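Just so it is clear, the structure is predicted and the values come from calculations on it, not from any experiment. Values reported hereafter were calculated over all heavy atoms of this structure, with side chains retained and with hydrogens, waters and symmetry mates removed.
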Amino acid sequence: MFIELTDHLRCPVEHDEAFLVLLPDRVEDRSVKAGTLGCPVCDRRFTLEDGVLDTEDAPPAPDESFRLPAEGLAPLVGVNGPGGYLVLVGAPAAGWREVANLVPGVGLVAVKPPAGVADEPGVSVIRSGRLPIKTHSMRGVVLGAPFGGDERWVREAARVLLPGLRAVGEGADPPRDLIELIASADGVWVGTPSR
(Lines give C-alpha, C1' and ligand atoms only; values in the text may rest on other atoms or scores of the structure.)
Protein backbone atom coordinates (compact mmCIF):
# COMPACT_ATOMS: atom_id res chain seq x y z
CA MET A 1 0.00 0.00 0.00
CA PHE A 2 1.34 3.36 -1.05
CA ILE A 3 2.27 5.15 2.19
CA GLU A 4 0.67 8.46 1.16
CA LEU A 5 -2.69 6.71 0.69
CA THR A 6 -2.79 5.98 4.42
CA ASP A 7 -3.46 9.73 4.95
CA HIS A 8 -6.77 9.23 3.11
CA LEU A 9 -8.00 6.19 5.03
CA ARG A 10 -10.70 6.26 7.70
CA CYS A 11 -12.12 3.75 10.10
CA PRO A 12 -14.82 1.63 8.39
CA VAL A 13 -16.90 1.49 11.59
CA GLU A 14 -19.98 3.75 11.69
CA HIS A 15 -18.93 6.68 13.92
CA ASP A 16 -17.57 10.19 13.44
CA GLU A 17 -14.96 10.11 10.72
CA ALA A 18 -11.47 9.64 12.06
CA PHE A 19 -8.16 9.11 10.37
CA LEU A 20 -6.49 5.77 10.86
CA VAL A 21 -3.07 5.91 12.50
CA LEU A 22 -0.39 3.83 10.80
CA LEU A 23 2.13 1.80 12.78
CA PRO A 24 4.33 0.33 10.04
CA ASP A 25 6.30 -2.87 10.59
CA ARG A 26 7.87 -3.03 7.12
CA VAL A 27 8.14 -0.34 4.42
CA GLU A 28 9.79 -0.82 1.03
CA ASP A 29 10.16 2.02 -1.47
CA ARG A 30 7.27 4.09 -0.05
CA SER A 31 5.03 1.03 0.08
CA VAL A 32 3.81 -0.30 3.44
CA LYS A 33 4.15 -4.09 3.29
CA ALA A 34 3.18 -4.88 6.88
CA GLY A 35 1.78 -2.98 9.81
CA THR A 36 -1.28 -1.96 11.76
CA LEU A 37 -3.77 0.83 11.22
CA GLY A 38 -5.60 1.93 14.36
CA CYS A 39 -8.67 4.07 14.96
CA PRO A 40 -8.31 6.70 17.71
CA VAL A 41 -12.12 6.83 18.18
CA CYS A 42 -13.15 3.19 18.61
CA ASP A 43 -9.69 1.67 19.22
CA ARG A 44 -10.16 -0.98 16.49
CA ARG A 45 -7.04 -2.18 14.74
CA PHE A 46 -6.70 -3.40 11.16
CA THR A 47 -3.78 -5.37 9.79
CA LEU A 48 -1.82 -4.68 6.70
CA GLU A 49 -0.14 -7.85 5.40
CA ASP A 50 1.67 -8.32 2.10
CA GLY A 51 0.75 -4.70 1.33
CA VAL A 52 -3.00 -5.41 1.54
CA LEU A 53 -5.33 -3.71 4.05
CA ASP A 54 -8.02 -6.10 5.25
CA THR A 55 -10.71 -4.41 7.37
CA GLU A 56 -12.87 -7.51 7.67
CA ASP A 57 -13.08 -11.06 6.47
CA ALA A 58 -14.50 -9.90 3.16
CA PRO A 59 -14.50 -12.42 0.31
CA PRO A 60 -13.18 -11.24 -3.06
CA ALA A 61 -15.57 -9.62 -5.48
CA PRO A 62 -17.69 -11.91 -7.58
CA ASP A 63 -15.82 -13.11 -10.66
CA GLU A 64 -17.52 -10.88 -13.19
CA SER A 65 -16.08 -8.98 -16.11
CA PHE A 66 -16.55 -5.24 -16.40
CA ARG A 67 -18.35 -4.11 -19.55
CA LEU A 68 -16.00 -1.25 -20.35
CA PRO A 69 -12.42 -1.70 -21.48
CA ALA A 70 -9.84 0.60 -19.87
CA GLU A 71 -9.81 2.79 -23.01
CA GLY A 72 -13.50 3.55 -22.46
CA LEU A 73 -13.35 3.74 -18.70
CA ALA A 74 -10.61 6.36 -18.40
CA PRO A 75 -12.46 9.07 -20.40
CA LEU A 76 -15.78 8.34 -18.67
CA VAL A 77 -14.35 8.80 -15.20
CA GLY A 78 -12.75 12.06 -16.40
CA VAL A 79 -9.43 11.87 -14.54
CA ASN A 80 -7.01 14.09 -16.48
CA GLY A 81 -3.50 14.91 -15.33
CA PRO A 82 -1.42 13.44 -12.52
CA GLY A 83 -2.12 13.40 -8.80
CA GLY A 84 -4.76 12.03 -6.49
CA TYR A 85 -6.42 8.63 -6.48
CA LEU A 86 -8.87 6.65 -8.59
CA VAL A 87 -10.81 3.87 -6.82
CA LEU A 88 -11.66 0.66 -8.73
CA VAL A 89 -14.23 -1.51 -6.92
CA GLY A 90 -14.73 -5.15 -7.90
CA ALA A 91 -14.06 -6.42 -11.43
CA PRO A 92 -12.60 -3.15 -12.84
CA ALA A 93 -9.65 -3.62 -10.45
CA ALA A 94 -8.51 -6.60 -12.53
CA GLY A 95 -7.62 -4.16 -15.33
CA TRP A 96 -5.66 -1.74 -13.16
CA ARG A 97 -2.48 -1.98 -15.27
CA GLU A 98 -4.29 -0.81 -18.41
CA VAL A 99 -5.98 1.99 -16.47
CA ALA A 100 -2.62 3.04 -14.97
CA ASN A 101 -1.17 3.41 -18.48
CA LEU A 102 -4.05 5.72 -19.43
CA VAL A 103 -3.91 7.91 -16.29
CA PRO A 104 -0.18 8.24 -15.51
CA GLY A 105 0.65 9.73 -12.15
CA VAL A 106 -2.74 8.88 -10.62
CA GLY A 107 -2.69 6.44 -7.70
CA LEU A 108 -4.99 3.45 -8.11
CA VAL A 109 -6.89 1.86 -5.23
CA ALA A 110 -8.36 -1.62 -5.79
CA VAL A 111 -11.19 -2.24 -3.33
CA LYS A 112 -12.70 -5.71 -2.98
CA PRO A 113 -10.82 -6.83 -6.08
CA PRO A 114 -11.19 -10.19 -7.78
CA ALA A 115 -8.84 -12.97 -6.69
CA GLY A 116 -5.38 -12.50 -8.12
CA VAL A 117 -5.12 -8.72 -7.66
CA ALA A 118 -2.28 -8.17 -5.20
CA ASP A 119 -0.16 -5.32 -3.90
CA GLU A 120 2.24 -4.17 -6.60
CA PRO A 121 3.84 -0.85 -7.48
CA GLY A 122 1.03 1.19 -9.03
CA VAL A 123 -1.92 -0.19 -7.05
CA SER A 124 -2.97 -0.28 -3.40
CA VAL A 125 -5.31 -3.12 -2.39
CA ILE A 126 -8.07 -2.92 0.21
CA ARG A 127 -10.40 -5.77 1.16
CA SER A 128 -13.40 -4.29 2.87
CA GLY A 129 -17.17 -4.35 2.95
CA ARG A 130 -17.24 -0.57 2.41
CA LEU A 131 -14.89 2.22 1.36
CA PRO A 132 -12.62 2.93 4.35
CA ILE A 133 -11.65 6.20 2.68
CA LYS A 134 -11.94 9.76 3.91
CA THR A 135 -14.90 11.85 2.71
CA HIS A 136 -14.26 14.07 -0.36
CA SER A 137 -10.76 12.76 -1.02
CA MET A 138 -10.83 10.74 -4.29
CA ARG A 139 -10.69 11.96 -7.91
CA GLY A 140 -12.86 9.16 -9.27
CA VAL A 141 -14.65 5.93 -8.36
CA VAL A 142 -15.52 3.00 -10.64
CA LEU A 143 -18.06 0.48 -9.34
CA GLY A 144 -18.21 -2.86 -11.15
CA ALA A 145 -21.21 -5.17 -10.86
CA PRO A 146 -22.87 -5.80 -8.47
CA PHE A 147 -21.55 -2.73 -6.60
CA GLY A 148 -22.70 -0.16 -9.21
CA GLY A 149 -26.29 -1.26 -8.64
CA ASP A 150 -26.06 -1.44 -4.84
CA GLU A 151 -27.31 1.76 -3.16
CA ARG A 152 -24.96 1.29 -0.20
CA TRP A 153 -21.86 1.21 -2.45
CA VAL A 154 -23.16 4.10 -4.58
CA ARG A 155 -23.62 6.14 -1.40
CA GLU A 156 -20.03 5.35 -0.41
CA ALA A 157 -18.77 6.38 -3.87
CA ALA A 158 -20.63 9.70 -3.66
CA ARG A 159 -19.22 10.29 -0.17
CA VAL A 160 -15.54 9.75 -1.05
CA LEU A 161 -15.54 11.74 -4.31
CA LEU A 162 -14.22 15.26 -4.41
CA PRO A 163 -17.13 17.63 -5.21
CA GLY A 164 -18.03 17.70 -8.91
CA LEU A 165 -15.92 14.68 -9.86
CA ARG A 166 -17.26 11.48 -11.39
CA ALA A 167 -18.31 7.98 -10.52
CA VAL A 168 -18.88 5.26 -13.11
CA GLY A 169 -21.04 2.27 -12.24
CA GLU A 170 -22.22 -0.95 -13.77
CA GLY A 171 -25.84 -1.61 -12.81
CA ALA A 172 -29.20 0.10 -12.59
CA ASP A 173 -29.22 3.89 -12.58
CA PRO A 174 -28.43 5.19 -9.08
CA PRO A 175 -30.88 7.12 -6.93
CA ARG A 176 -31.04 10.82 -7.90
CA ASP A 177 -30.45 11.93 -4.33
CA LEU A 178 -27.01 10.26 -4.50
CA ILE A 179 -25.80 10.69 -8.08
CA GLU A 180 -26.68 13.30 -10.67
CA LEU A 181 -26.50 11.36 -13.93
CA ILE A 182 -24.44 12.63 -16.83
CA ALA A 183 -25.12 9.60 -19.01
CA SER A 184 -26.54 6.08 -18.82
CA ALA A 185 -26.66 3.33 -21.44
CA ASP A 186 -26.55 -0.47 -21.60
CA GLY A 187 -26.32 -0.92 -17.84
CA VAL A 188 -23.44 1.53 -17.29
CA TRP A 189 -23.92 4.98 -15.76
CA VAL A 190 -21.73 8.06 -15.19
CA GLY A 191 -22.49 10.84 -12.75
CA THR A 192 -21.39 13.24 -10.06
CA PRO A 193 -22.49 13.34 -6.41
CA SER A 194 -25.81 15.12 -5.96
CA ARG A 195 -25.59 18.38 -4.09
Side-chain angles (χ1 to χ4, degrees), residues 1-28 30-64 66 84-94 96 99 106-162 167 169-171 178 193:
M1 174 168 289
F2 192 50
I3 195 163
E4 280 84 359
L5 177 63
T6 62
D7 290 340
H8 297 283
L9 299 179
R10 63 156 287 171
C11 183
V13 176
E14 289 291 337
H15 56 60
D16 289 341
E17 190 166 295
F19 293 97
L20 292 176
V21 178
L22 173 65
L23 298 170
D25 291 330
R26 193 172 94 242
V27 179
E28 297 172 8
R30 300 176 61 137
S31 181
V32 182
K33 298 297 183 183
T36 303
L37 287 154
C39 177
V41 174
C42 69
D43 202 34
R44 288 196 57 187
R45 290 178 172 82
F46 308 98
T47 58
L48 220 156
E49 291 181 14
D50 298 322
V52 175
L53 174 61
D54 201 344
T55 67
E56 62 181 50
D57 291 329
D63 190 15
E64 299 184 32
F66 191 63
Y85 296 93
L86 171 60
V87 180
L88 305 171
V89 181
W96 72 267
V99 174
V106 174
L108 298 180
V109 183
V111 177
K112 213 168 173 68
V117 177
D119 176 65
E120 293 183 44
V123 67
S124 296
V125 179
I126 299 173
R127 293 190 186 110
S128 181
R130 65 175 294 191
L131 296 178
I133 297 171
K134 185 175 90 168
T135 299
H136 303 309
S137 63
M138 300 288 112
R139 289 185 64 194
V141 178
V142 179
L143 299 168
F147 308 105
D150 182 330
E151 186 174 329
R152 190 173 59 94
W153 281 91
V154 173
R155 183 177 310 283
E156 284 287 286
R159 179 185 63 77
V160 303
L161 277 170
L162 286 160
E170 185 175 17
L178 296 178

**OP:** Could you tell me which residues satisfy side chain to side chain donor-acceptor pair (under 3.5 Å) with Arg155, sequence neighbours excluded, listed by chain and number?
**Re:** Glu151
**OP:** Working to the nearest 0.5 Å, report the span between CZ of Phe46 and SG of Cys11.
**Re:** 4.0 Å
**OP:** Can you see which heavy atom on Ser31 is nearest to which on Asp119, and at what distance?
**Re:** OG-OD2, 3.8 Å
Subject >> salt bridge (charged side-chain N to carboxylate O under 4.0 Å, His left out) assessment of Arg130 paired with Glu14 >> reply: CA-CA 11 Å; Arg130 65 175 294 191; Glu14 289 291 337; 2.9 Å; yes
Subject >> Member of Tyr85, Phe2, Phe19 meeting the ring-ring contact (aromatic ring centres under 6.0 Å, His included) criterion with His8 >> reply: Tyr85
**OP:** State whether the side chain of His136 and the backbone N or O of Leu161 hold a donor-acceptor pair below 3.5 Å, judged by distance alone.
**Re:** yes
Subject >> For the student: nearest non-hydrogen atoms of His15 and Cys42, plus distance >> reply: NE2-SG, 3.5 Å
Subject >> Partner of Val89 by side chain to side chain contact (heavy atoms under 4.5 Å, CB included), out of Ile126, Val142, Val111 >> reply: Val111
Subject >> Minimum heavy-atom distance Ala18-Cys39, with the two atoms named >> reply: CB-SG, 4.4 Å
Subject >> Point-to-point distance, once rounded to the nearest 0.5 Å, from OG of Ser124 to CD1 of Ile3 >> reply: 11.0 Å
**OP:** Please determine which of Thr36, Leu37, Asp7, Thr6 meets the side chain to side chain contact (heavy atoms under 4.5 Å, CB included) test together with Leu20.
**Re:** Leu37
Original post:
Measuring from Arg10:CZ to Arg159:CZ, what's the distance to the nearest 0.5 Å?
Top reply: 5.0 Å
Subject >> Point-to-point distance, once rounded to the nearest 0.5 Å, from CE of Met138 to CG of Leu5 >> reply: 6.0 Å
Original post:
What are the two closest heavy atoms between Leu88 and Pro92, and how far apart are they?
Top reply: CD1-O, 4.0 Å
Original post:
Rounded to the nearest 0.5 Å, how far does CG of Leu131 lie from CG of Leu143?
Top reply: 7.5 Å
Original post:
Which heavy atom in Thr55 sits nearest to a heavy atom in Ser128, and how many Å separate them?
Top reply: OG1-OG, 2.7 Å
Original post:
What is the minimum heavy-atom distance between Val117 and Ala110, and which atoms define it?
Top reply: CG1-CB, 4.2 Å
Original post:
For the atom pair CE (Met1) and CG (Leu48), what is the distance rounded to the nearest 0.5 Å?
Top reply: 5.0 Å
Subject >> Donor-acceptor contact present, side-chain Asp150 to main-chain Arg152, <3.5 Å >> reply: yes
**OP:** Tell me, yes or no, whether the heavy-atom count around Glu49 atom CD, taken from other residues, nucleotides or ligands under 6.0 Å, exceeds 12.
**Re:** no
